[in-house]
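Quick notes on the structure that follows.
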Number of protein chains: 2
Amino acid sequence: MSVTIKDVAKKAGVSPSTVSRVLSNHPRISHATSEKVKAIMLEMGYHPNIMAKSLVSKTTHSLGVILPKPAEELFLNTFFMELIRGIVAQANRSGYDVVLSSGSSEQEEVEAVSRLVYGGRIDGAILLYSRKNDPVVDFLSRNHFPAVLVGRSEQHKNIISVDTDNVQAAADATRHLIQMGHQRIGFVSGPPELVVSLDRMEGFKMALNEANLEFHKDWIVEGEFLQESGYRAMSFFMNLPERPTALVVVDDIVSFGILRGLHELGYKVPEDIAIVSFNNIALSELSTPPLSSVDIGIYHLGYTASQALIQAIQEKDPDKLVHQRHIVPHRLILRQSSMFAPSRN
Amino acid sequence: MSVTIKDVAKKAGVSPSTVSRVLSNHPRISHATSEKVKAIMLEMGYHPNIMAKSLVSKTTHSLGVILPKPAEELFLNTFFMELIRGIVAQANRSGYDVVLSSGSSEQEEVEAVSRLVYGGRIDGAILLYSRKNDPVVDFLSRNHFPAVLVGRSEQHKNIISVDTDNVQAAADATRHLIQMGHQRIGFVSGPPELVVSLDRMEGFKMALNEANLEFHKDWIVEGEFLQESGYRAMSFFMNLPERPTALVVVDDIVSFGILRGLHELGYKVPEDIAIVSFNNIALSELSTPPLSSVDIGIYHLGYTASQALIQAIQEKDPDKLVHQRHIVPHRLILRQSSMFAPSRN
DNA sequence: CTGAAAGCGCTTACAG
DNA sequence: CTGAAAGCGCTTACAG
């Protein structure tokens, strides 16, 4: 029913092969026939059938993106949206489509991915997060399937990854508080199975070490990327006999929970406790007070991930692809939540 | 290189046709051969090639989702993410993939969609928003391509749509303020080219009318779905000689901007001005004060859109599809921002 | 219940 | 510079 290469060929008085060659800008085709065929394609409203093309070319011009399962799904809506926007923008620009997939368990995630991969539905995959033992990463790595990880993998060192230097980022945030005069600094971390939590924790410790500041076990709290976690962490800290004067918080959303709790209890930020967190989402400058936050360039991360993946797909020499690690620069944005020098005691 | 239906057939000692029939659970296949073939498929790691299947079946089992162009892109990250989560969840459950596409202008949007549609890449499309004169809707409607609109279209009454009853929702919000004793109520609207802005405005007027309250031209402000718009609206209202005591605000994000502005100027919410807004995003209960908001079930909207689209794709009788309109129920969530009765004057 | 054959719409050596 | 032919991996009448 829809117009095919044969219809165009017939009307143009050439063979289907020729039409196909015009389509792919084959060099050895006469300018005259090329023009004629193109005119007729336009006239007849011809559009190449992508499926047929894929079937023979063994390439789909599609990238697969695996959405995190519900547990982490709550985790920062705006983070993932920004990431996906960056991914889709760059993919479309390069003529690639993006196929979204999700599973409601790790098991289902693997099934979804393997359907896409084995079914020849996608040319490469992007993972939006990095867990410590991720079966999806295992699967892709085992199958030598082109893949890019946003974040980094502990096990699979040679998967291509696009990441923030989270160790440095956390060190930067911590150093800022130290420079402001804080000596008692706590850390609110994310789920320990996420690599990002570990990296930020490490940077935090690093900065404390440099400054010969004490690393206080009691001043470390782990949680989810949820406001409730921040709320709980806050209540834990504020009940401590000796409490920190500043906090490094793994994510802005978590800081919102902390701010809310402190507000309810009548504490003031940054006077009673100073806060720096990560990701600099749109709302971070809108909270009361506005949050100091490390901007990690989320859109840019997504954009770079697409770019790296497409490059990997098109690269023939596999040696060039081993152990690629793209670092997107971060930037500490200072706002009111950390702009206070504590009195010495 | 990958294992095909022929390989399986050879190993099983049957014809490719038979393997294909086993795959599709054809009724007239003997249990014995079916079992044998299935065992061999598993053993050889067979996975059907989706492209080949699509080519012959003329169906892709993919839904296309068009991301809004940058202008509206900012518009409510978390809104779109929730919507997409709902869409993907339901699509995957029904065995459909979701293909994302975007353009950086209306022109590019249409091109992206037509590539997907004419290229046979998708079986149907979901639009995430409704503009007043949308070329993408025109395109889909003109081509009689299965499509679902989240929102509603003024021109194309017979496109399938999934929507909130925004008129009622806005009326509910407004009535609540009236019941609290407010007589001077303002409205902060969104871009006038979006249908949702118009519908909510209409509900607002309706509720005022019912209560014989004056509709004050000065108390209506249009803006974007951005915090800055809220900030500006706030400053406009607060400089009025006679200002409203309560506001209905088209979106929570806009309310955040209003809250911030009022806080800076030292006004109190809800005492100086009460606020109700829409969408009930995750952060609405975290603001200071927590926002009263109409929960429109965003995830549910996405979920329903997927469901309706898949139904439309699978429905043979086109008469059944005309003028379908699915309404997802809304619910006014009361929080502190509107819980104050103004003194009579 | 099963097989041989044709065909989906394209590409790409091979030949000229 | 162009065409005829084979083939990508599947499905589906048609026959038996």
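Proteins come first, then strands; the chains are lettered A, B, ... in the order of their sequence lines, and each starts at number 1.
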Figure out the [atom1]/[atom2] separation between [X] and [N], and round it to whole Å.
X	N	atom1	atom2	result
A/Asn49	D/dC8	CG	P	18 Å
A/Ile5	D/dT2	CD1	C1'	14 Å
B/Lys58	D/dT12	NZ	P	12 Å
A/Leu23	C/dT12	CG	P	11 Å
B/Asn25	C/dC1	CG	P	14 Å
A/Tyr46	C/dC10	OH	P	3 Å
B/Leu55	C/dT11	CG	P	12 Å
B/Arg21	D/dA13	CZ	C1'	9 Å

Just call it for [X]: base, sugar-phosphate, or nothing, with non-hydrogen atoms closer than 4.0 Å on any strand.
X	value
B/Thr33	sugar-phosphate
B/Ser20	base
A/Ser17	base

Answer whether the closest heavy-atom distance between the side chains of B/Lys6 and B/Lys10 falls below 4.5 Å.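 Heavy-atom side-chain distance check fails, nothing below 4.5 Å.
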Are B/Gln307 and B/His326 side-chain neighbours, meaning at least one heavy-atom pair lies under 4.5 Å? no
Heavy atoms from C-beta onward define the side chain here; which of [options] lies closest to that of [X]?
X	options	value
B/Thr18	D/dT11, D/dC8, C/dG3	C/dG3
B/Ser15	C/dA4, D/dT11, C/dC10	C/dA4
B/Lys53	D/dC10, D/dG3, C/dC1	D/dC10

Can you tell me how the ring of A/His61 sits relative to the ring of A/Tyr96, calling it parallel under 30°, perpendicular over 60° and tilted otherwise?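 Rings of A/His61 and A/Tyr96: parallel, under 30°.
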Can you find a side-chain donor-acceptor pair between A/Ser20 and A/Ser17 that sits under 3.5 Å? no
Please give the nucleotide sitting opposite C/dC14 as a Watson-Crick or G-U wobble pair, both distances under 3.5 Å, or none. D/dG3
C/dT12 and C/dG16, which share atom name C1', separated by this distance in whole Å: 16 Å
Does A/Arg121 form a side-chain contact (heavy atoms from CB on, under 4.5 Å) with B/Ser62? I'd like the steps, not just the answer. CA-CA 11 Å; A/Arg121 189 99 188 52; B/Ser62 295; 2.3 Å; yes
